[in-house]
Structures are given as structure tokens and as C-alpha cells.
Amino acid sequence: VLHSARPLHTTQQSLAPLPPLPEKGGEVRYGLIPEEFFQFLYPKTGVTGPYMLGTGLLLYLLSKEIYVINHETVAAACILSVIIYGVKKYGADVAAFADKLNEEKVAKALAVKNEAIKGLETAIEQEKKEQWRVEGRNYLFDAKRNNIAMLLEANYRERLLTVYNEVKKRLDYQVAMQNLKRQKEQDHMIQWVEKSVVQSITPQQQKESIAKCILDLKALSKSAQAAV
Amino acid sequence: MNLSFFDQFASPSLMGIPLILLSLLFPALLLPTPNNRWLTNRLSTLQSWLFLLFTKQLMLPLNKNGHKWSIILTSLMTLLLMINLLGLLPYTFTPTTQLSMNMALAFPLWLATLLTGLRNQPSMSLGHLLPEGTPTPLIPALILIETTSLLIRPLALGVRLTANLTAGHLLIQLISTATIALLPIMPTVSILTMSILLLLTILEVAVAMIQAYVFVLLLSLYLQENI
């Protein structure tokens, strides 16, 4: 942050190797007279030199009436005391406030930089995670391949079953047809045999058989007693 | 040099060369110019913060058209503030004690607001002449009264600033003369008068800042009505 107080891009010359500006301004005594004046007079007149000069100058101006004491003097005394009181009491606070304003400006810019750095670091971590994920993609592919193979196998077996069922249906049909035909032939034959037997019973045979039955019945009735 | 009470209000001249322009432009020398550094020194930082705060506060009630006036109003405020405050120092000339200067500031600015209003929205500006909810019989009288008050505004603006500052400066002169005159006779009363002078000086500092602010505030108010 040393170089932030330099003017930027004022000329076409590059400002890169210039040293940074001083942090504080020149030292001032009594808010008016720079320290360099006291240092300038120190070798010849010592510490009290400038003060003697000041007092002498003031007395000269007053005694020769170059500066006349009139009502403006006392008004000057009042306004100067008000100003000095104000500066002494609130000067430090105002300076701290100005410094705070500058600090906030710098802090805002630093916050932007830090957030950008944090965002980039998060991105780096996520990228690393993605790279780790890439290493496991073989397993993913194998599982998918197995899946597909199973699906294909299942499909094939289903179709095989369908084919088997269809073929069995046709064969069953043939078997049923043959059974039906034999059954029909059998029935027809039995019917024909019965019909011919019934037709072959002549009337004489009928009478003989009825007489025989009556004789049998009589014989049986003799042996069997009526159950009471 | 011996001074009478009204010498401080005489337009300054050095060997026949009028210095009024110098005394008007001098306050600008005391304000730091904004340069292209990102972090400025304390004075520049405070100055830009103050101007931003003042302009934002002044432009709050104005619509977008009124924001065109932000530069002139803020710079006017700064000029009046610096002139008034510098005039409190001894042996200085305060240009705002001259009625001519204050009228030259107030009259054109007020006229500008009036003409803007009459040109862009004449019925709205004229409508301000009648407050809402007045009983019908009072309307003619009220229109006359409001017109008078409208036309007297520039005079009021100028004279208010002049009178406040002139009166304050005269009072300072009078009371300090009384202090000086009483010093050999009754030193105690002189000390009392000195304390009065101290309080008066604090008042004058406040008045200097307030009058500048009131001038600009009233102008922005007139602008609000008309823009």
C-alpha cells in the first residue's frame, strides 16, 4: 500500500522506480513556523534565538506603531482563541475520521481481492476433486457394461422362451388333433357295433331270453325270502 | 492605522487597483484541488466526503432534472461558506456584506428557477400561488399575497445574507471597541465585555455557516417547486 498515494499515469514516463512519498508533512512549531527555521538559527543563536527574534520583532512593531492596537486586535484575539480551541479539541478526532475514510477505501479494495482469491481457491479444490473422480471412471464403465450385458441376456432369454412356447403350442395342436381323431373313430366303431348287435337280435331270440329271465326269477324267488 | 466602523465594508483597493476580484477568488486557493491519486491526504479526503454528503442531502427531494443544479448549488455553498468564515478574521474584507454581490447571486438564480418552472410546467408553477384548501372567498386576496411573496424572494435572499453578516461584523467591531475603550477605565467591565465578545464570535461562526446553508437551501426549495 506504499505506492497508493502516488499520482497514476500523469505522464508517459514510467513511474516504477520512484521512491514512495513521505508519510507525514513537515514538522511545524506552534502551528505556524516550520522546524527548519529553528534549525537554521540554532548554530548561531542557540535555542532561544528564534524566540528573541520574535519578541524583538513584535515589540518593534508595537512601539513604532507600525501595528496599531485598535478594536480589531481584541476581535483578532477572540477569533484566534476560538480557532485554536477548536483545533486543539477536535483536531485529533477529525484526523482519525479522515484516516478511517481512507482505511475503509483500502479495506474495500482488499476485500474484493481476498474474495477473488478465496473464490479461486475453492475452484482449485473443486477441480482437484473432479480429477480424483476421473480416476474412478473405470469402475463406472465396467458397471455400465455389465448392466447392458445383463439386459441383453435377459432380453435374449425372453425371446427364446417365446419361441419355445410357440413351437410347443403348435405341437400340442397336432397331438390334440390326433387324439381327437382316434376318439372319434373309437366312438363311431362302438356305436356301429352296438347298432349291429341290436339289429341282430331276432324276435325268437327275444322270446327265449325273456322266458329264461322269468325262469331265473322264479328260481331266485324261491330261494330268497322277503325281508320283513 | 485607525479605522472607523465602516471601513471594513469599503471595497478594498491597493493604490487604486480594486482588489474585490482577488477577495472573491481567494477562498478557492484554500481548498485542495482533487487530483488523480486514489488515496489522498486528510484534507482532500475530508473535502470530498463533505461535498458528497452535502450534495446528496441537497439533491434528495429533487427529481432527475433538478440534479443538473447540483454543481452550481454545491459550489455556491462552498463559496459562501469560505467567504463568510474568512471574513471573521481581523482586517479582512467580506464580499458578502455588500448588497450588490448578494443581489447579483440571488436574483439570477431565483429568476432561473422561476423561468424554468414557467417554461416547462406553467400551470404547475402558477398553481403554487394558491395553497390547497383555501376557502373560496379568500382566493383573490391570497393570489395577490402569494404573488407578492414570490416576487420578493430574490430581495429577501440577498438582503437576508447581507443583513446577517453586516450586523454580525458591526457588532464585533462595536463590542471590541467598547472592550478597548473600557480597558484603562474599568478593567473588570472590560473583561466582561471580552467574554461577551467571545460568545459573539462563536455565534458569528455559527451564523456564517448557517446563512450560507440557508441561502442554498432556499434556492433548492424554489427549484423543487418549479422543476
Side-chain angles (χ1 to χ4, degrees), chain A residues 1-11 15 18 20-26 32 61 64-87 89-110 112-113, chain B residues 1-5 7-8 32-50 52-53 85-92 168-184 190-191 193-206 208:
Chain A
V1 207
L2 273 177
H3 299 274
S4 55
R6 283 191 296 131
L8 303 167
H9 308 299
T10 43
T11 65
L15 297 171
L18 274 184
L21 285 176
E23 288 277 321
K24 292 180 154 294
L32 277 177
L61 290 174
K64 288 269 188 186
E65 295 254 320
I66 298 174
Y67 177 73
V68 179
I69 298 216
N70 49 15
H71 58 276
E72 294 267 16
T73 315
V74 75
C78 284
I79 187 73
L80 280 176
S81 56
V82 167
I83 290 175
I84 291 174
Y85 172 74
V87 165
K89 185 143 185 239
Y90 300 111
D93 289 337
V94 168
F97 179 69
D99 286 339
K100 191 166 70 92
L101 284 174
N102 270 354
E103 280 298 309
E104 279 170 9
K105 223 174 172 186
V106 170
K108 259 194 264 191
L110 269 177
V112 167
K113 178 180 109 170
Chain B
M1 48 181 182
N2 274 320
L3 299 163
S4 77
F5 286 132
D7 277 342
Q8 59 175 325
T33 45
N35 50 12
N36 54 359
R37 297 172 185 227
W38 181 46
L39 291 177
T40 48
N41 58 355
R42 286 171 179 169
L43 198 57
S44 293
T45 317
L46 282 172
Q47 179 192 270
S48 48
W49 169 79
L50 206 65
L52 260 161
L53 188 72
L85 285 175
L86 280 173
L88 287 170
L89 296 171
Y91 301 108
T92 47
H169 282 237
L170 264 176
L171 265 176
I172 290 181
Q173 302 294 316
L174 285 167
I175 299 189
S176 46
T177 312
T179 320
I180 289 278
L182 282 173
L183 198 57
S190 178
I191 303 284
T193 324
M194 179 89 163
S195 58
I196 294 180
L197 186 58
L198 259 172
L199 294 171
L200 184 67
T201 314
I202 299 173
L203 180 70
E204 277 311 305
V205 170

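Any value given below was found using the heavy atoms of this structure, including those in side chains, with hydrogens, waters and symmetry copies removed. We name chains A, B, ... by the order of the sequence lines, and we start the count at 1 in each one.
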One thing to verify: whether Lys100(A) and Glu104(A) come together as a salt bridge, which I'm taking to mean a side-chain N less than 4.0 angstrom from a carboxylate O.
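Answer for the salt bridge query: yes.
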Mind ranking Gly86(A), Ala98(A), Cys78(A) by heavy-atom pairs under 4.5 Å with chain B and telling me who comes out on top?
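Top count of heavy-atom pairs under 4.5 Å with chain B: Cys78(A).
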Measure distances from Ser176(B) to the heavy atoms of chain A and classify the residue's part below 4.5 Å as side chain, backbone, both or neither.
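Ser176(B) touches chain A through backbone and side-chain heavy atoms alike.
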Contacting region of Thr179(B) [heavy-atom separation from chain A under 4.5 Å]
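Just its side chain gets close to chain A.
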Just wondering, more than 12 heavy atoms not from Tyr85(A) lying within 6.0 Å of its OH?
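No, not enclosed.
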Is there side-chain contact between Val205(B) and Ile83(A), with heavy atoms separated by less than 4.5 Å?
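Side chain of Val205(B) against side chain of Ile83(A), heavy atoms only: no contact under 4.5 Å found.
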Heavy-atom pair count under 4.5 Å with chain A, highest-scoring of Ile175(B), Leu174(B), Leu197(B), Leu43(B)
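Among Ile175(B), Leu174(B), Leu197(B), Leu43(B), the one with the most close pairs to chain A is Leu197(B).
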Sidechain-backbone polar pair: Asn102(A) side chain, Thr40(B) backbone, donor-acceptor under 3.5 Å:
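A pair under 3.5 Å: yes.
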